[in-house]
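Accompanying notes for the structure given below.
Per chain, numbering begins at 1; letters A, B, ... match sequence-line order.
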Amino acid sequence: MKEFKRITVTAALPYANGPLHIGHLSGAYLPADIYVKYQRLRKRDIIFVCGSDEHGVAITIRAMKENLSPQQIVDKYHHLLKDTFQKMHIDFDIYYRTSSLLHHQTAQEFFKKFYDNHQLIEKETYQYFDTEKQIFLADRYINGTCPKCGYENAYGDQCEKCGTSLSPDELIRPKSALSNSVPIKLPTKHWYLPLNEYQAKITQYIDSHPEWKNNVLGQCRSWLNDGLQPRAITRDLDWGIPVPLKDATGKVLYVWFDAPIGYISATKALLPNDWQKYWQDPETKLIHFIGKDNIVFHCIIFPIMLMAHGDFILPDQVPANEFLNLEGNKISTSRNWAVWVHEYIHDFPDKIDVLRYVLTATLPENKDNDFTWKEFQQRNDSELADIYGNFVHRVTTLLHKYYDGHIPDNIDLQVIDIQALEDCKKAVQAMGNNIENFRFRDALAEMLKIARIGNKYLMDKEPWKTFKTNELQTQTTLYVAAQITACLALASQPFLPETYLKLKQILNLPDYDFQNFWSSNNTFEILPSHHQIDKPFILFEKIPDEIIEQQIQKLQQTPKSHVMLKPFKNNIAYEDFDKVDLRVGTITYAVKVPKADKLLQLTIHDGIKERTIVSGIAEHFQPEELLQKKVVFVANLEPRKLRGILSEGMLLTAEDSDGKLHLISPFGEPNNGSIVK
RNA sequence: GGCUGGGUAGCUCAGAUGGUUAGAGCGUUGGAUUCAUAAUCCAAAGGUCACGGGUUCGAUUCCCGUCCCCGCUACCA
């Protein structure tokens, strides 16, 4: 394996439109932090950069919702995120932000370099502009007549009827899907990064990393097999980084383009004079910690940007985790199904390490994993309190009881004593190997194993018995037990930073540099004979059932009390409402639409005849259970083809806060065709 | 529907480039022990390794097909 001089570690930039939840921690930040803490202890030259991702449409939408400016939104969440990371002891060397001037300059330099070297495709197109909404329309938001088959409701990018790929320009009689107004054509210029030109190089690059995780390689190959396409790197928007060209007012860099450059900007801010060697020296190892949703950006698109630029090294590892579920369901911000980290910190201010421990023990390294409060309690109680905390407590108590808190002599070392120390050493080494190979769960298990070794050792040697019969052996036993405890303390540093500090106090650990603890093969002596330790105290309290119950209840109640209801729409005239013809009908036939997950094709008797309605409810209802059900539908909606089937109307449904759909049906038995108003 | 990844003990997960008795932790049961936060230690029970075919002397591991779960994507008037 290649030896590197230094390491650059990035963790995915969190999006500054909401707080952090435990899924974020377990996806990227916690494993990254453990890795970095470990490497720092090994005295490796390493930097750890991150920051808030503050651009993009979602920010502007959030701003409108909260009635604040985009800048106010990102300020608010940037500080919350930064504070949360700090309290969880995720120790970035810098936590930066993409709204900073330096980042704007860095991203613009990237663009400018591509532009000046003619690496971008420049397309001035006349794009449709909705004068009513004052916005350029994405292809999808333009409807019109298909030039091939004459179908009247083709989209700007594709005709659903004949399946042809289209561009909006080909449409006859286009109209805006947002306002139904006729859009006018305005010239707009955009720049594209021709990803396709790098297909061969990026394929070669991916192939040169067979050591990457399966999920990462799979996603990449899937993308490469489909063939890469040029990708627009600019947008018409007013929140973002201005395109650094004269004739580009009102244009910003697309957020996917600027965000990963944020890693570089952050490094520049951290090391203004020295940043290059962390990004441009081939002897630097670049590692991106991310969640599985970010794979292609970090393995294909960003590397292409770096390749295209030419001065940069490429990522050497991209350890992407799968997702963490919560109590059996997906974590969802919109449904508020999440454990918010800042709330956890508020509820459990002295249990930061417990969350770090439990999340590390259940990292979704190879497949999705589930976080439950019960497991949280159980791991705290039986692993941290019983195995880890209690071991430390019994050793320190024995030392005080028998030797007034002094480490005794070790003049009677037997095979069993040496073996225990050797086993600890092995565990430490295995821990290091696992961390180097991004296996953090296994690494954590090795750490706990040290406490297990200690517990077993005490049981085997029974110093409470030998104290009365064999003074020399008791001394040796407690000497060895003290070393094991100190070993456990040092090994805990990457995982449990607060616990380490507590142990440091209890054991009165000197400010000695323990670097050789990680590397040497010798049996170690951390606490010399006659060393004085401090009084012990409880490291991990058990968590009572009530506390766990409270958290579970809080979780189950919040979706109902905290649902973000959409604001009500503006008032409309009665005449406008009256235009909608709502009727009662009976479902007489229902079948799944082939090759579509969400669509059901329904036949509805509307009182006069039968009509076909295609509805996106397949995930919520079985076709059979709908038969003979009375429903309410919109009878005068412009017919439209969906998946090649003409849909004449629309079923009314109510979507609850869980995203579940409920059909609207009449109370009573009105006959088909009855008017609903 | 297309494309990744996954489906291994009650639970959470490892693992095998195909080969004698498939592993860990938790949980359960039995025993030992008392220095310690009723903590600890030992032992046992528990698995047709999703299902059906194929290749092979031999497959849970490779190939094909089917079913199920997460994600991306298309379709949700």
Side-chain angles (χ1 to χ4, degrees), chain A residues 143 153 158 160 177 213-223 225-226 291-296 320 322-325 330 361-372 374-375 378-379 381-402 439 441-442 444-445 448-449 451-452 454-467 474 477-478 481 536-542 592-600 613-620 633-634 637-653 655 661:
Chain A
N143 295 336
N153 269 307
Q158 196 183 13
E160 288 300 319
K213 288 164 73 167
N214 281 344
N215 55 347
V216 175
L217 287 174
Q219 282 264 341
C220 290
R221 298 217 169 99
S222 159
W223 259 61
N225 286 342
D226 290 346
K292 70 173 161 181
D293 50 339
N294 254 324
I295 289 174
V296 286
E322 300 282 309
F323 282 167
L324 187 69
N325 294 327
K330 299 185 225 192
T362 56
L363 285 180
E365 288 175 339
N366 294 304
K367 58 181 173 187
D368 291 354
N369 209 337
D370 198 32
F371 176 93
T372 64
K374 209 167 153 270
E375 181 177 356
Q378 204 232 323
R379 283 194 185 269
D381 290 0
S382 73
E383 294 177 16
L384 287 178
D386 293 349
I387 294 173
Y388 187 120
N390 183 53
F391 168 66
V392 172
H393 197 246
R394 58 200 296 216
V395 173
T396 48
T397 308
L398 283 169
L399 280 168
H400 275 283
K401 207 165 182 172
Y402 297 160
R439 303 165 61 116
R441 269 198 325 226
D442 288 349
L444 185 71
L448 192 66
K449 191 172 171 185
R452 290 181 199 278
N455 277 322
K456 180 170 165 51
Y457 175 74
L458 285 184
M459 204 61 189
D460 290 344
K461 299 276 318 245
E462 299 182 303
W464 48 89
K465 276 188 186 164
T466 60
F467 186 61
T474 310
T477 301
L478 286 187
F537 55 85
I538 301 290
L539 286 174
F540 300 101
E541 301 275 0
K542 296 208 177 186
K592 268 207 81 185
V593 175
K595 300 190 181 183
D597 284 355
K598 297 187 181 173
L599 298 182
L600 284 187
I613 289 180
V614 180
S615 184
I617 57 172
E619 285 172 334
H620 301 89
F633 67 97
V634 185
L637 204 61
E638 195 69 41
R640 166 155 164 190
K641 284 245 177 183
L642 289 170
R643 284 269 148 191
I645 303 160
L646 191 66
S647 178
E648 308 162 293
M650 171 176 154
L651 282 200
L652 295 193
T653 58
E655 181 174 3
L661 294 183

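- Within the 4.0 angstrom heavy-atom criterion, only backbone atoms of the sugar-phosphate kind lie near A/Glu383; the bases stay farther away.
- Among B/C76, B/G1, B/U40, the nucleotide with an atom closest to any side-chain atom of A/Leu642 is B/C76.
- Residue contacts shown for A/Asp597 include a base, since a base heavy atom lies under 4.0 Å away.
- Residue A/Lys330 is in sugar-phosphate contact alone, with no base atom involved, counting any heavy-atom pair closer than 4.0 Å across all strands shown.
- When each of B/A36, B/C76, B/U33 is scored by its nearest atom to the side-chain atoms of A/Lys401, the top-ranked nucleotide is B/A36.
- Residue A/Arg441 has a polar side-chain atom (N or O) positioned under 4.0 Å from OP1 or OP2 of B/A14.
- Within 4.0 Å of A/Phe391, counting heavy atoms only, lies no atom of the nucleic acid at all.
- Residue contacts for A/Arg221: at a heavy-atom cut-off of 4.0 Å it reaches no nucleic acid atom on any strand shown.
- Residue contacts shown for A/Thr396 are absent, as no nucleic acid heavy atom lies under 4.0 Å away.
- For B/C42, one of the phosphate oxygens OP1 or OP2 lies less than 4.0 angstrom from a side-chain nitrogen or oxygen of A/Lys456.
- When distances are taken from the side chain of A/Arg452 to each of B/C35, B/C26, B/U12, the shortest belongs to B/C26.
- Heavy atoms of A/Ile387 sit under 4.0 angstrom from primed sugar atoms or phosphate atoms, though from no base atom.
- Using a 4.0 Å heavy-atom distance criterion, A/Arg379 is classed as making no nucleic acid contact.
- As rounded to the nearest Å, B/G27 and B/U40 have P atoms that lie 9 Å from one another.
- For the pair A/Ser615 (side chain) and A/Leu600 (backbone), a donor-acceptor distance under 3.5 Å is absent.
- Of the P atoms belonging to B/G58 and B/G18, the separation is 15 Å, rounded to the nearest Å.
- Remark: the backbone N or O of A/Asp368 is not paired with any side-chain donor or acceptor of A/Lys292 at under 3.5 angstrom.
- In this structure B/G23 sits in the anti conformation; its chi angle is more than 90° from 0.
- Using P as the reference atom, B/C67 and B/G2 are 10 Å apart when rounded to the nearest Å.
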